[in-house]
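In the text below, chain A, chain B and the rest are named by the order of the sequence lines, each starting its count at 1.
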There are 2 protein chains.
Amino acid sequence: MKPTVHDIAAHAGVSLATVDRVLNGRAGVRPVTRQKVEAAIEALGFVRDVAAANLAKGRVYSFVFILPANDNSFMQNLRAEVRAAAERGLRERMSLATQDVPAFDVGALVAALERAERERPDGVAFVAIDAPEVRAAADRLMEQGIAVVTLVSDLSGSRRVHFAGIDNIAAGRTAGTLLGRFLGSRPGPVLPLAGSLMVRDHRERLEGFGAVMAQQFAARRILPVREGRDDPAETGRLVEEALRAHPDLAGIYSAGAGNRGLIRALEAQGAGPRPVVIVHELTGATREALSRERIDCVLNQDAGHEVRSAIRVLKAEADGSAVVAAQERIRIDIFLKDNLP
Amino acid sequence: MKPTVHDIAAHAGVSLATVDRVLNGRAGVRPVTRQKVEAAIEALGFVRDVAAANLAKGRVYSFVFILPANDNSFMQNLRAEVRAAAERGLRERMSLATQDVPAFDVGALVAALERAERERPDGVAFVAIDAPEVRAAADRLMEQGIAVVTLVSDLSGSRRVHFAGIDNIAAGRTAGTLLGRFLGSRPGPVLPLAGSLMVRDHRERLEGFGAVMAQQFAARRILPVREGRDDPAETGRLVEEALRAHPDLAGIYSAGAGNRGLIRALEAQGAGPRPVVIVHELTGATREALSRERIDCVLNQDAGHEVRSAIRVLKAEADGSAVVAAQERIRIDIFLKDNLP
DNA sequence: CGATTTCTGATTTACGTACCTCAGAAGTCG
DNA sequence: CGACTTCTGAGGTACGTAAATCAGAAATCG
């Protein structure tokens with residue numbers, strides 16, 4: 001049978017109250033007595049029953065998620081995952097509130113963080129914009145004892161406890177290696193695409209991509225990066241333009257969103273071998289394109305895992321327990337036609 | 001505030017005992033009354049507090065893990081993950097027992113399953129050997145109301161509730177596509193290696209691999225599969241032999257373990273370009289070989305995820321709740337030098 | 001040394017649910 | 001209609017921990 005606080009009290013020859021004080025680090029226990037209790041805990045192998053403790057505390061974890069009101073598939077999916085988690089959270093004395101803010105709007109994000117601060121939740125998770133004002137607002141939350149976790153896009157130099165997202169430099173490097181090796185000796189230039197170079201994740205991906213291309217595939221000509229603003233129409237236009245200007249275009253790496261346009265442009269392409277294409281985020285469109293061999297590889301971050309990881313970290317932070325580090329590393333999923341889920 | 005059973009009782013105008021009878025499906029409630037209670041539950045959005053419920057029930061989940069006493073890195077890692085989970089489990093009223101059985105021994109595995117059956121745990125997880133006797137033993141457990149989950153290697157045709165492992169055919173196909181594309185137009189044959197073709201996962205991997213090679217890279221010559229019994233020395237010998245017999249060997253796909261031997265043989269290889277190499281399972285040896293560019297790609301299954309997934313599924317099964325299906329799909333991790341964790 | 005403050009221990013209540021007992025109400029049957 | 005069964009309500013205890021209250025012990029101070 002698992003030992004309880006009563007067993008500890010009996011074994012240490014003290015009262016329940018004293019055990020409680022030791023367990024919860026409250027004052028009013030002589031060092032000698034404290035040691036007796038700690039010895040008993042050690043001897044009996046006592047571990048606190050979190051369920052009972054939370055029940056007694058009447059604790060409800062309250063977390064706020066701040067998400068950009070962006071309508072691309074990935075963000076829609078992310079929001080859906082937060083909703084799903086909120087529903088499951090009810091069962092486990094956890095309440096998740098969501099705030100939507102305009103995308104790429106520093107002022108709005110800071111305002112949302114300040115609003116969250118006033119509600120005094122146990123933790124806040126948000127998709128960061130990498131700006132000093134945002135960093136300041138996040139650090140203010142941390143000072144208030146509110147745990148802060150960044151989601152999908154990180155905030156450099158801040159004191160946030162965790163970043164629930166992928167290593168975008170590694171993702172870009174991976175894309176570079178795969179594209180370079182898939183191309184082999186096939187001649188022709190490569191087109192890098194981004195949503196915007198103002199966003200940290202896109203910038204980092206292209207950075208990693210560029211580094212690998214320069215280092216491992218130096219002979220390959222890399223065209224200047226084009227920015228499609230994560231917009232399908234604009235992205236499609238850019239691809240059509242590139243195909244026209246470079247009939248021998250050998251590869252495309254799309255680090256941002258708006259891939260529906262890219263795929264449409266590829267389908268409209270006439271004869272000749274199509275370029276090798278690597279994109280990010282598994283959505284309805286990219287999944288279909290991959291299975292129909294219109295593109296070659298999709299790098300993906302699992303929004304569900306990111307949300308669940310953020311919650312686990314916030315919860316662990318709230319009750320000062322440890323997390324399984326390996327479980328919280330968000331992996332770069334690499335999907336080929338062959339391992340589509 | 002979250003509604004409690006008391007609120008439901010008040011709202012439905014019945015007593016607490018009646019609400020309890022409805023919630024726990026006990027007899028002694030008229031259909032009319034039952035409906036009133038259910039309406040109140042619906043109206044107030046009541047969700048049972050699992051922590052309090054488990055506390056009241058004094059429930060302790062008991063699970064048994066049956067693991068092969070195999071000393072390769074992957075299995076060592078798997079055992080370590082189970083131990084770690086057991087330790088964390090203490091906190092959450094869950095007890096994990098472990099049984100070690102000789103590897104590849106059907107009789108021993110069946111005996112272990114029968115031993116587990118006698119202990120009447122809530123669930124059993126085990127690394128299956130795909131044999132009729134094992135299937136029968138597993139189904140017997142299921143009939144006793146003990147949830148059964150297969151781990152790493154599946155059991156065909158059984159009634160197990162879940163398989164916590166990767167899709168090995170897809171893994172093999174992925175390896176095929178990567179190897180074929182990495183090779184490009186480079187001439188030379190490819191050597192497939194396995195631990196043993198008697199094991200289902202290895203067989204399936206080679207099956208997927210062979211299918212893709214035949215379909216997408218028909219011109220490529222595939223040598224006959226060699227079996228290294230997951231033994232480094234034997235595997236090394238096979239590779240040396242192949243390198244001698246085929247100086248133009250272009251690629252190696254190792255679907256099993258014992259990759260230390262493979263790596264040693266590659267390092268001993270003289271001049272000339274080394275073959276493109278894809279192996280399974282990220283271990284100390286394969287990680288180092290990958291980062292030193294002795295091999296090109298590692299396909300991996302995350303043992304920690306598999307163990308945690310198995311536990312989540314067993315627990316959900318034990319209290320009749322649902323799991324997040326997407327969370328329980330074990331992914332095929334693809335590691336290049338660039339995205340090593 | 002007595003008064004005060006600081007520690008320490010014992011006891012009790014509460015958290016939300018499960019489950020038990022018992023009494024009495026409502027319904028069913030002959 | 002009475003005897004019977006089936007429902008239902010009231011009330012209690014239990015689970016393991018948290019936290020409050022109060023009383024008594026020890027230490028500190030003037």
*What is the distance from NZ of B/Lys57 to C1' of C/dA18, rounded to the nearest Å?*
8 Å
*B/Arg30 side chain near C/dA26 phosphate (N/O to OP1/OP2, under 4.0 Å)*: no
*asked:* Minimum heavy-atom separation for A/Lys2 and A/Asp7, please, with both atom names.
replied: O-OD2, 4.2 Å
*Separation of D/dA14 C1' from B/Asn54 CG (nearest whole Å)*: 15 Å
*Nearest heavy-atom neighbours spanning A/Arg159 and A/Asp139*: N-OD1, 2.9 Å
*asked:* I need the minimum non-hydrogen distance between B/Val149 and B/Ala310, along with the two atoms involved.
replied: CG1-CB, 4.0 Å
*Hey, is the side chain of B/Ser15 poking within less than 4.0 Å of OP1 or OP2 on D/dT8, counting only N and O atoms?*
no
*Under a 4.0 Å N-O cut-off, is there an ion pair linking A/Asp122 with A/Arg59?*
yes
*Could you state the atom-to-atom distance from CG of A/Leu44 to P of D/dG16 in whole Å?*
14 Å
*Ignoring hydrogens and angles, does a donor from either the side chain of B/Arg21 or the base of D/dG9 sit under 3.5 Å from an acceptor on the other?*
yes
*asked:* So if I take every side-chain heavy atom of A/Val5 and compare against C/dC20, D/dT17, C/dT17, which nucleotide ends up nearest?
replied: D/dT17
*What integer distance in Å separates B/Asp20:CG from C/dT21:C1'?*
14 Å
*Start at the 5' end of DNA chain C and walk down; is the nucleotide closest to B/Lys2 or to A/Gly13 reached first?*
A/Gly13
*Report the distance from atom CG of A/Asp7 to atom P of D/dT17, rounded to the nearest whole Å.*
9 Å
*Does A/Arg48 place a side-chain N or O at less than 4.0 Å from the phosphate oxygens OP1/OP2 of D/dG16?*
no
*How close or far is atom P of C/dT17 from atom CZ of B/Arg59, stated in whole angstroms?*
17 Å
*asked:* Nearest to the side chain of B/Ala17, heavy atoms from C-beta on, is which of D/dT17, D/dG11, C/dA18?
replied: D/dG11
*asked:* Taking the minimum atom-to-atom distance to the side chain of A/His6, which one of C/dA10, D/dA19, D/dT17 wins?
replied: D/dT17
*asked:* Assuming nearest nucleotide by heavy-atom distance, tell me which of B/Val14 and A/Leu55 is located more 5' along DNA chain D.
replied: B/Val14
*asked:* Using side-chain contact (heavy atoms from CB on, under 4.5 Å), reason through A/Arg34 and A/Thr18 one step at a time and then give a plain yes or no.
replied: CA-CA 8 Å; A/Arg34 178 178 300 277; A/Thr18 307; over 6 Å; no
*Closest to the A/Thr18 side chain, choosing from C/dG9, D/dA19, C/dG27*: C/dG9
*asked:* Let me spell it out: for each of B/Val47 and A/Leu16, pick the nucleotide of DNA chain C with the closest heavy atom. Which residue's pick is nearer the 5' end?
replied: A/Leu16
_Counting only side-chain heavy atoms from C-beta out, which of C/dC20, C/dT17, D/dA18 sits nearest to B/Phe46?_
C/dT17
_Length of the line joining A/Arg93:CZ and D/dA18:P, which is rounded to integer Å_ = 13 Å
*Spacing of B/Leu23 atom CG relative to C/dC20 atom C1', expressed in whole Å*: 17 Å
